[in-house]
Structures are given as C-alpha cells and as structure tokens.
Protein chains: 2
Amino acid sequence: MLRLSKFADYGCQVMAYMARDKAVHSATEVAANLGMAAATVSKILKMLARENLVVSLLGAKGGYVLARHPLEISVAEIINAMDGPISITECSGTTSCERESFCSTRGNWQGINHIIQDALAKVTLAEMIAPKPQIVNMRAIRSRGVPA
Amino acid sequence: MLRLSKFADYGCQVMAYMARDKAVHSATEVAANLGMAAATVSKILKMLARENLVVSLLGAKGGYVLARHPLEISVAEIINAMDGPISITECSGTTSCERESFCSTRGNWQGINHIIQDALAKVTLAEMIAPKPQIVNMRAIRSRGVPA
DNA sequence: ACTAACTAGGACTAAAATAGTCCCAGTTCC
DNA sequence: GGAACTGGGACTATTTTAGTCCTAGTTAGT
C-alpha cells in the first residue's frame, strides 16, 4: 500500500554501495557494480547531490562521495531526497481542501505521518548495510516477536 | 515520499462518513454527501465490501453498513483494502530479486514495513473521526513535542 | 593548450500505474 | 413488473514514473 518509488529504492542502494568505503565513485562505476543503467544512476546521484547527501567532485577522476558518515544519514533523508517530502496524503496541512468539513481525519493523518517519518528517521544508512540485517526497533520486536 | 493512493484516502473518507451512524447508506447517497462522483464512490464501496470492511445489502433500499464497530477497524485495514498489502518495497520477501547480493538492505526494509504497518494498525476508524484530532502516539509527543 | 573523463541540468520519450467512467447482470422492495 | 440498489468487470483518459539523451561546464593529465 505504501509505495516507495523505485528511485527511492535505487537511491538507497546507491547510497549503500557508496557507504562501503570512502573512495570517490563515478556514476558509471556505481552503475556497473550495481547492474543498473548508467544514465539512471547518474540521474540518481545528481538528485542525491542536490540534497547534499553526496558531494560531487567535478572533472576527470571526479565522482561522488558520501557527504556524511553512514551513521549520520537516515533512510528518511534518502527517501526524502528522491521522492520529496514525506507525506501520506496530499493535504499536508498548508493547503486547505474544500472537503475540510468532512476531513476531521486530517489531524490524524498528520500524526501518522509523523510516526512513519520517525520510524524512517531512526534507521541509519549504516544499519542498512549491516551484513546481518539489524533489527530496527527493539521495542517492536519485544512486543511482537521477530518479523518473519 | 510515502504515497498513499487517492483511493486509500477516499476509502478512509467513505468509512469515516459511514461510521457516523449505523444506517444503511447507498453509494449515491455517500457520493452526494461527500461531494464525490457516484461511480467512484460505488467502486470504492465495492472494494471495501470485498475486503469485508463494509457489508452490502442488495436490492432496493440496499446499500452498505460498516461491518464492524469503528473501534475495531484500523486505518491499516482500510488502506490495505484499497491499495493492497502494505509494503514499502517491491521485493517483499517471497520473490528473490537478482540483485540480492547487494541487497542486504532487504531485512531492514521489512523491519521498517512492520513499524509502519504497526503504526497504522493502531489507529482506529473511531479515532479518525474524533472531532478533535486525537493524538496517535503519546510516546512520540513526549519525546518530540506536539506536531505543528 | 588540448583531450579525456567526469558532473550539472534539463528536455524529452516511453511505459506503467491510477483514477475515473460505463455497462450489464443479479437482487430485493413495493 | 418496475424501481432502486449492488456485483463485477471492461474500458478510457490522465497522471506519474522511469528512463534516455543532449549540451554545457569542470578538472586531471600530458
């Protein structure tokens, strides 16, 4: 139900790849290693650069490097960079919709948004690339058991 | 970033409308009251009925009623009914993708999915229609302050 | 100074998902 | 029997998304 665009997914993969070392990676190189089209990876890296998640180095031998340590980059940031601001519905608060009278639900959507935002903000890139999938939220596991 | 389809949004509105009383509501009536196209509302109610969130009554004077008490219907269920199963990425576990070697991130997506799923499962329809927007998650507020 | 290897940015196209409409068949009430 | 409904699916239009390509600008090496 909650769709994440492919870009957001790609974005995470690219970031995860780059997080493995501090070397400069060109778009072509990343593309080759991830088995993705060069043009697509290039586009994704441009987007990530614009949002300051990666730093671009111009010129020959240029490329991209993570802007921060993987521990300091959250999944929420990556998704934000690729798909725009997190919001589960269109009426995100600023614009008032005509149906507002019926839409007492709005406050709750916003609450839900916050919850999801929080959940994603807590997962760092470092956790994403952990070889053995790390458990994201210990409380959730304690109360519900380990997800299948 | 997390997009909810319009259908899911509509679905919640329709459910919220129906939750106000226990009367039988026809699709046309709901449509008129919510200011939506009759055909669209009809489609939405059919979907909700197929997922047993509303009960349909055939024939003249027929229509729809909530299948359960608003307190026992979660937002997650409504969204599920409209948009299919909750899943933030495409590789939801059963199918293995070719990129699996790079995709050590998968375990974490699943964890994130669970968190979001949980968050939505905790919000009931009754809470959604509460006149004063209820706070969904007290912990979140305590730790971060009331959302703007 | 020239060339090769890069990124920046945006225009553009193709493909797929979404939203929305319509139609016909079946059910029930009066 | 006719009117008022839902059930189900086919269909179309629209919007999003994904993906490609082109031109300009930057840097390293020779």
Side-chain angles (χ1 to χ4, degrees), chain A residues 1-14 18 23-32 34-67 79 81-85 87-90 99, chain B residues 1-14 18 23-32 34-67 79 81-85 87-90 99:
Chain A
M1 70 164 208
L2 289 173
R3 285 158 306 160
L4 201 59
S5 75
K6 257 189 186 171
F7 278 174
D9 195 10
Y10 289 169
C12 288
Q13 282 189 239
V14 168
M18 307 231 320
V24 177
H25 300 281
S26 75
T28 11
E29 182 226 315
V30 175
L34 291 182
M36 299 165 62
T40 302
V41 171
S42 168
K43 183 177 180 178
I44 288 163
L45 280 165
K46 283 176 201 170
M47 295 172 84
L48 291 170
R50 219 172 299 158
E51 300 292 325
N52 302 310
L53 289 174
V54 298
V55 172
S56 66
L57 302 170
L58 287 186
K61 305 228 169 178
Y64 298 88
V65 199
L66 287 194
I79 298 177
M82 303 305 295
D83 284 0
S87 161
I88 211 174
T89 45
E90 287 176 8
R99 262 191 275 294
Chain B
M1 68 166 210
L2 289 173
R3 283 158 308 157
L4 201 61
S5 74
K6 257 189 186 172
F7 278 174
D9 196 10
Y10 289 170
C12 289
Q13 283 189 239
V14 168
M18 306 230 321
V24 177
H25 300 281
S26 74
T28 10
E29 181 225 315
V30 175
L34 292 183
M36 299 164 62
T40 303
V41 172
S42 168
K43 183 177 181 178
I44 288 163
L45 280 164
K46 284 175 199 169
M47 296 172 83
L48 292 170
R50 219 172 299 158
E51 301 292 326
N52 302 310
L53 289 175
V54 298
V55 171
S56 67
L57 302 169
L58 287 186
K61 305 231 169 178
Y64 299 89
V65 200
L66 286 194
I79 297 178
M82 304 304 295
D83 284 0
S87 160
I88 212 173
T89 45
E90 285 175 10
R99 260 192 276 291

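Every value quoted in this text rests on a predicted model; they were computed, and no experiment measured them.
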Compare side-chain N and O positions of Ser56(A) against OP1 and OP2 of dA8(C) and report whether any pair is under 4.0 Å apart.
yes
Note: Ala67(A) and Asn52(A) closest approach over all heavy atoms is CB-O, 3.3 Å
Has Thr40(B) got a side-chain N or O lying under 4.0 Å from the OP1 or OP2 atom of dT21(C)? yes
Do the non-hydrogen side-chain atoms of Val14(A) and Leu48(A) ever get within less than 4.5 Å of each other? yes
Against the side chain of Lys43(B), the closest entry in dG19(D), dT20(D), dT21(C) is dT21(C)
Ranking dA18(D), dC21(D), dC5(D) by distance to the side chain of Ala39(A), first place goes to dC21(D)
Contacts of Ser26(B) meeting side-chain hydrogen bond (donor to acceptor under 3.5 Å, both in side chains) (sequence neighbours excluded), chain-then-number -> Thr28(B)
*asked:* Do Tyr10(A) and Met82(A) make a side-chain contact, defined as non-hydrogen atoms from C-beta onward lying under 4.5 Å apart?
replied: no
Regarding the side chain of Ser5(B), the nearest nucleotide among dC6(C), dA19(C), dG7(D) is dA19(C)
Does any non-hydrogen side-chain atom of Ile44(A) lie less than 4.5 Å from one of Met36(A)? yes
dist Asp83(B):CG -> Phe7(B):CZ (nearest 0.5 Å) comes out at 9.0 Å
Checklist line | OP1 or OP2 of dA18(D) under 4.0 Å from side-chain N/O of Tyr10(A) | finding: no
From NZ of Lys6(A) across to P of dA15(C) the rounded distance in Å is 13 Å
To the nearest angstrom, the CG-P distance between Asp9(B) and dT18(C) comes to 15 Å
Name the pairs: protein N/O against N/O of nucleotides 27-30 of chain D, kept only if under 3.5 Å.
{"from": "dT27(D)", "atom 1": "O2", "to": "Ala60(A)", "atom 2": "N", "distance (Å)": "2.9"}

Note: contacts of residues 44-55 of chain A with DNA chain C (heavy atom, under 4.0 Å) are Lys46(A), Arg50(A)
Q) For Ser26(A) and dA5(C), is the shortest distance between a side-chain N/O and OP1 or OP2 below 4.0 Å? A) no
For Val24(B) and Glu29(B), the nearest pair of non-hydrogen atoms, with its separation, is O-OE1, 3.9 Å
Rounded to whole Å, the CE-C1' distance (Met18(B) to dT6(D)) equals 13 Å
Closest to the side chain of Phe7(A), out of dG7(D), dC22(C), dA18(D), is dA18(D)
Smallest heavy-atom separation, Leu53(A) atom then Ala81(A) atom, equals CD1-CB, 3.6 Å
To the nearest angstrom, the CG-C1' distance between Leu57(B) and dC29(C) comes to 13 Å
Next item on the list: Side-chain contact test, heavy atoms from C-beta onward, threshold under 4.5 Å: evaluate it for Leu45(B) versus Met18(B) and give yes or no.
Entry: yes
